[in-house]
Amino acid sequence: MSEVCEITGLTEDNVAKLFYLHKQLTEGSEIPVPDEKSLIGFIKPLENTVSSNRIHDSEQKRKDSLLKHLEKSIASKFEGAKLSPFGSAESGLSLKGGDFDLCLQIPNADEKKTIKRIGGMLRGQGMEKVQTITRAKVPIVKFIDPRSGLNVDISINNSLALYNTKLLSSYAKIDKRVKDLAIIVKHWALHRNVSDSVNGTLSSYAWSILVINHLQEQQVIPNLQSGENRTIIEIDGNEFDISVNEDASLAQPSQQNIAELTMSFFRNYATKDWENEVISIRNGKPISRDEKGWMNENPTALDIYNSDKENPGRMGEHHLAIEDPFETDHDLCRVVRAEGELRIRNELLRAAELFGGGSTWKEICETVDADRLKGMEPVDIFHDLRDKNDDLVRNMLEKTKAEMDAVDRLIDALESERQSTLRMAKAMRGVIEETSDLRKEHKAIITGLKSRNKEIDEIKLKRDKINSDIILPIHMIEDELSKVYNRLTEELDIHRVPSLAKEKEQFSWFMELQAMHGKAREASELHHRFIELVKEQKEEIKKLKIYETKHDDATAKLLQDEPMLKDKNINSKEVGSYDRRVHNIQKALRKRRGEMHKLRREAGRLDAWLRKKSGNQNRGRGRGKGNRRGQKPRDKKEDSGPMTLGDISGLLSGMGNESSSKRSRKVSSKKAGMRKMGNLGAHRGSRSQFKKKE
Ligand code: UTP
Ligand code: MG
């Protein structure tokens with residue numbers, strides 16, 4: 001078993017991991033101060049960090065375009081909803097390629113349900129890695145937009161975040177050093193892996209608050225939350241003071257340069273009396289724990305970190321206490337876990353020591369766990385071209401252009417097939433609609449024939465049944481009735497009086513004849529109805545034939561206008577099959593257009609590389625003046641460093657796009673605008689353009 005430090009309780013391995021913190025806790029070591037010369041030496045690299053994080057126009061455009069798209073496709077679906085950007089993209093304190101925070105404000109929404117619904121909508125739009133987090137204080141949906149490559153967080157009714165973004169952006173406007181130091185600190189924190197609230201270190205926002213506090217302490221910026229005029233708002237029954245006093249100013253702001261401020265930032269927090277102080281930019285300087293009422297609770301981070309229990313539980317609260325400027329009950333270190341706290345303190349000490357100990361800025365920011373940042377770093381999109389000669393790249397470009405031509409022809413062919421199939425389906429629908437009245441009548445007659453037939457059968461059955469029960473035809477029944485009646489009612493001949501039995505017999509025969517007569521009359525009526533119906537049926541059949549001829553005539557006339565429908569079965573089933581065909585062609589078109597998009601990008605990349613190379617050669621031969629009009633000379637760093645798609649987009653647009661416009665004319669004049677090779681950014685507009693056309 002390894003040795004354990006008696007003071008810190010850290011094992012040897014952990015002492016190595018937390019070297020600087022351990023040294024401070026055991027030896028209380030002094031942090032060296034850099035001399036003036038080495039401090040000045042930091043200025044250039046720090047400025048480079050700031051400028052390399054400059055947000056390119058194309059990145060801003062991608063954000064604007066995505067926001068528009070989301071407003072249209074999501075926010076508009078919820079009554080009274082508003083989608084607003086916030087966070088670093090809005091305050092200006094963002095690293096290049098930082099995430100895009102959006103807040104959807106919906107009054108009286110069921111937030112969890114809404115987040116889930118939005119998640120579904122985003123998945124339907126082809127957004128990637130859509131993740132809904134409904135258990136957090138503020139429900140959120142995270143996703144990546146594959147078109148712009150942006151990481152997006154949409155939260156619901158996160159109103160305070162909109163106000164604190166506004167506060168940070170007001171600070172950034174006061175003095176350029178706010179933004180510079182925020183970017184420097186965020187860059188360092190990102191690379192040293194201490195800016196990840198999900199994994200137990202401080203949020204990027206908390207680091208921005210620490211920057212503001214430091215600059216307030218250094219007398220660079222005033223306290224913008226000071227002043228008499230107060231603005232109080234109510235959210236969910238709680239009041240918040242969101243006052244921002246844009247007029248606040250310092251009589252004599254400090255003129256320290258960025259190297260001095262960076263150095264003092266690390267020294268300040270490396271040696272901060274965290275035991276007794278709470279960071280509060282609302283107050284303009286740290287406040288005491290007693291005043292704030294936030295105690296440095298047990299167990300400590302070391303207790304938890306050193307515990308050999310399988311589940312040592314949570315450490316006490318408020319160790320690196322940082323008050324949120326508006327939500328003053330919220331301690332921004334609440335997300336920090338034991339190991340995170342120790343690493344943050346170790347890293348602050350490390351940076352402060354290296355700053356004074358002759359290390360470079362690059363060494364101070366040396367990336368920890370580099371894998372974690374894969375995909376975040378700008379990719380060198382020319383990496384595979386760097387060892388190829390220009391002829392080979394030119395060949396690749398020609399090949400790509402040839403492929404573009406082939407795909408373009410395919411797209412044109414699919415497009416015309418789609419058009420003709422659409423026309424066919426439309427024409428068929430037209431014929432069906434035009435003849436629909438005739439078909440309706442025809443159908444009505446057929447329905448009539450069917451029900452009449454049924455009636456005829458029923459009547460016939462009834463009539464025949466009655467007839468089979470009656471032994472005499474109706475006229476004979478009537479004759480017999482009158483005979484029997486006469487016999488029963490004639491004057492009696494006294495000599496020929498019938499016997500009683502005979503008279504009874506006559507009488508019952510009369511009754512029987514009477515009943516028979518009723519039935520016979522019914523059978524006769526049925527028979528007449530039967531004859532009538534058969535006649536009607538014959539008439540209707542004649543009519544049916546007339547409608548059929550009319551329908552055929554009308555169809556033939558319509559077919560004269562649409563000869564392509566000749567010999568085709570025209571019915572709604574057939575129309576459905578044409579609709580399906582259109583759908584399949586559309587699918588194929590989308591696939592081909594995707595291929596075209598990729599090819600266009602590749603051609604743009606190859607073209608940009610060749611231009612970049614020829615630009616370099618011209619400059620190398622001292623022909624710097626030979627640059628094309630509008631082409632800014634690029635600095636050395638850009639020539640050798642990795643280039644992003646945004647950079648290429650800028651490069652091409654600055655070069656007048658000469659070859660690309662020629663190419664787009666060749667590919668297809670009608671879609672020239674859309675197919676410009678130089679159009680390399682993420683163009684959401686083109687998606688909706690396709691939609692409209694389809
Ligand atoms: P982020 O941590 O993403 O900060 O929180 P950021 O300033 O945008 O930094 P990067 O550039 O992405 O790394 C986004 C926003 O969420 C709110 C703040 O408005 C912050 O700007 N937020 C974050 C809070 O209100 N409270 C928190 O504890 C964290
Ligand atoms: Mg952010």
Side-chain angles (χ1 to χ4, degrees), residues 49-50 52-55 59-60 63 66-67 83-105 133 136-145 150-172 178-213 233 235 238 240 242 244 279-282 317-318 320-337 340 344 372-373 376-377:
T49 294
V50 173
S52 66
N53 277 293
R54 190 173 53 87
I55 305 296
E59 187 169 335
Q60 193 51 50
K63 284 182 177 154
L66 179 60
L67 174 62
L83 193 64
S84 319
F86 71 103
S88 60
E90 198 59 13
S91 64
L93 308 183
S94 168
L95 294 181
K96 190 169 184 171
D99 64 3
F100 190 28
D101 300 296
L102 294 168
C103 168
L104 187 68
Q105 286 171 290
I133 303 166
K137 194 171 80 152
V138 178
I140 193 168
V141 52
K142 290 171 159 294
F143 63 95
I144 298 175
D145 171 28
L150 289 168
N151 280 288
V152 190
D153 289 359
I154 300 183
S155 45
I156 294 224
N157 293 339
N158 194 3
S159 313
L160 280 178
L162 297 179
Y163 293 113
N164 65 39
T165 296
K166 167 89 181 38
L167 177 69
L168 293 189
S169 113
S170 299
Y171 273 118
V178 173
K179 182 173 172 179
D180 290 357
L181 188 62
I183 285 176
I184 286 165
V185 168
K186 280 186 179 186
H187 170 86
W188 163 82
L190 174 73
H191 284 270
R192 297 305 297 169
N193 194 13
V194 285
S195 172
D196 183 359
S197 55
V198 176
N199 289 308
T201 53
L202 287 171
S203 66
S204 202
Y205 169 66
W207 285 109
S208 302
I209 299 293
L210 290 178
V211 167
I212 303 286
N213 169 70
I233 57 160
I235 299 174
N238 299 313
F240 298 95
I242 52 145
V244 179
I279 304 297
S280 169
I281 65 165
R282 169 189 62 87
E317 286 195 60
H318 306 306
L320 303 175
I322 308 166
E323 180 196 72
D324 184 87
F326 294 137
E327 199 181 358
T328 52
D329 281 347
H330 179 44
D331 183 352
L332 300 185
C333 85
R334 194 152 69 195
V335 288
V336 174
R337 296 202 282 266
I344 289 169
R372 144 189 84 85
L373 299 183
M376 275 178 75
E377 290 288 284

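Everything numeric in this text was worked out from a predicted model, so none of it was measured. In each ligand, atom 1 is the first atom listed, and ligand 1 is the first ligand listed.
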**Student:** Donor-acceptor check, side chain of Lys186 to backbone of Leu93, threshold 3.5 angstrom: yes or no?
**Tutor:** yes
**Student:** Note the single closest protein heavy atom to atom 8 (O) of ligand 1, along with its residue, its atom name and the distance in Å.
**Tutor:** Ser88 N, 2.8 Å
**Student:** I need the nearest protein heavy-atom contact for atom 14 (C) of ligand 1: residue, atom name and distance, please.
**Tutor:** Asp101 OD2, 3.3 Å
**Student:** Return a yes/no value for Asp324: is any of its N or O atoms, backbone included, closer than 3.5 angstrom to an N or O of ligand 1?
**Tutor:** no
**Student:** Would you say NZ of Lys63 has more than 12 non-hydrogen atoms from neighbouring residues, nucleotides or ligands within 6.0 angstrom?
**Tutor:** yes
**Student:** In ligand 1, which numbered atoms sit nearer than 4.0 Å to a non-hydrogen atom of His330?
**Tutor:** 28 (O)
**Student:** Measure the OH-CD1 distance between Tyr163 and Ile242 for me, rounded to the nearest 0.5 Å.
**Tutor:** 4.5 Å
**Student:** Which ligand 1 atoms are under 4.0 Å away from a heavy-atom of Leu332?
**Tutor:** 28 (O)
**Student:** Applying side chain to side chain donor-acceptor pair (under 3.5 Å), name anything that partners Asp153, two or more places apart in sequence or on another chain.
**Tutor:** Lys142
**Student:** Among residues at least two apart in sequence or on other chains, which ones pass side chain to side chain donor-acceptor pair (under 3.5 Å) with Glu90?
**Tutor:** none
**Student:** Around the Mg ion (ligand 2), what protein N, O or S atoms are found below 2.8 Å?
**Tutor:** Asp99 OD1, Asp101 OD2
**Student:** Which residue and atom name correspond to the protein heavy atom nearest atom 20 (C) of ligand 1, and how close is it?
**Tutor:** Tyr205 CD1, 3.6 Å
**Student:** Given Glu90, Lys186, Lys166, identify the one with the heavy atom nearest to atom 7 (O) of ligand 1.
**Tutor:** Lys186
**Student:** Tell me if a side-chain donor or acceptor on Arg372 pairs with a main-chain N or O of His191 at a distance below 3.5 Å.
**Tutor:** yes
**Student:** Throw together a table of side-chain donor-acceptor distances under 3.5 angstrom for residues 320-328, partners on residues two or more places apart or in other chains.
**Tutor:**
unit_1 : atom_1 : unit_2 : atom_2 : d
Glu323 : OE1    : Ser280 : OG     : 2.7
Glu323 : OE1    : Arg282 : NE     : 2.9
Glu323 : OE2    : Arg282 : NE     : 3.3
Glu323 : OE2    : Arg282 : NH2    : 2.9
Glu323 : OE2    : Lys292 : NZ     : 2.7
Asp324 : OD1    : Tyr205 : OH     : 2.8
Asp324 : OD2    : Phe326 : N      : 3.1
Asp324 : OD2    : Glu327 : N      : 2.8
Glu327 : OE1    : Lys137 : NZ     : 3.1
Glu327 : OE2    : Lys137 : NZ     : 2.9

**Student:** Does some non-hydrogen atom of Gly98 fall short of 4.0 Å from ligand 1?
**Tutor:** no
**Student:** Report yes or no: does Glu317 contribute a side-chain atom to a donor-acceptor pair with the main-chain N or O of Arg334 at less than 3.5 Å?
**Tutor:** no
**Student:** Looking only at protein heavy atoms, which one is nearest to atom 15 (C) of ligand 1, and what is the separation?
**Tutor:** Phe86 CE1, 3.4 Å
**Student:** Can you pull out the closest protein heavy atom to atom 25 (O) of ligand 1? Residue, atom name and distance to 0.1 Å, please.
**Tutor:** Asn164 ND2, 2.9 Å
**Student:** Distance to 0.1 Å, residue and atom name: give those for the protein heavy atom nearest to atom 13 (O) of ligand 1.
**Tutor:** Ser204 OG, 2.6 Å
**Student:** Do you know the tightest heavy-atom contact between Ile183 and Leu95?
**Tutor:** O-CD2, 3.6 Å
**Student:** If we ignore hydrogens and angles and just use 3.5 Å, is the side chain of Asn53 paired with the main-chain N or O of Thr49 as donor and acceptor?
**Tutor:** yes
**Student:** Can you report which non-hydrogen protein atom sits closest to atom 12 (O) of ligand 1, along with the distance?
**Tutor:** Asp99 OD1, 2.6 Å
**Student:** With no hydrogens and no angle check, is any side-chain donor or acceptor of Thr201 less than 3.5 Å from a backbone partner on Asp196?
**Tutor:** yes
**Student:** Among all protein heavy atoms in this structure, tell me which lies nearest to atom 21 (O) of ligand 1, with the distance rounded to 0.1 Å.
**Tutor:** Gly87 CA, 3.2 Å
**Student:** Distance check, rounded to the nearest 0.5 Å: Ser155 atom OG versus Phe86 atom CZ?
**Tutor:** 3.5 Å
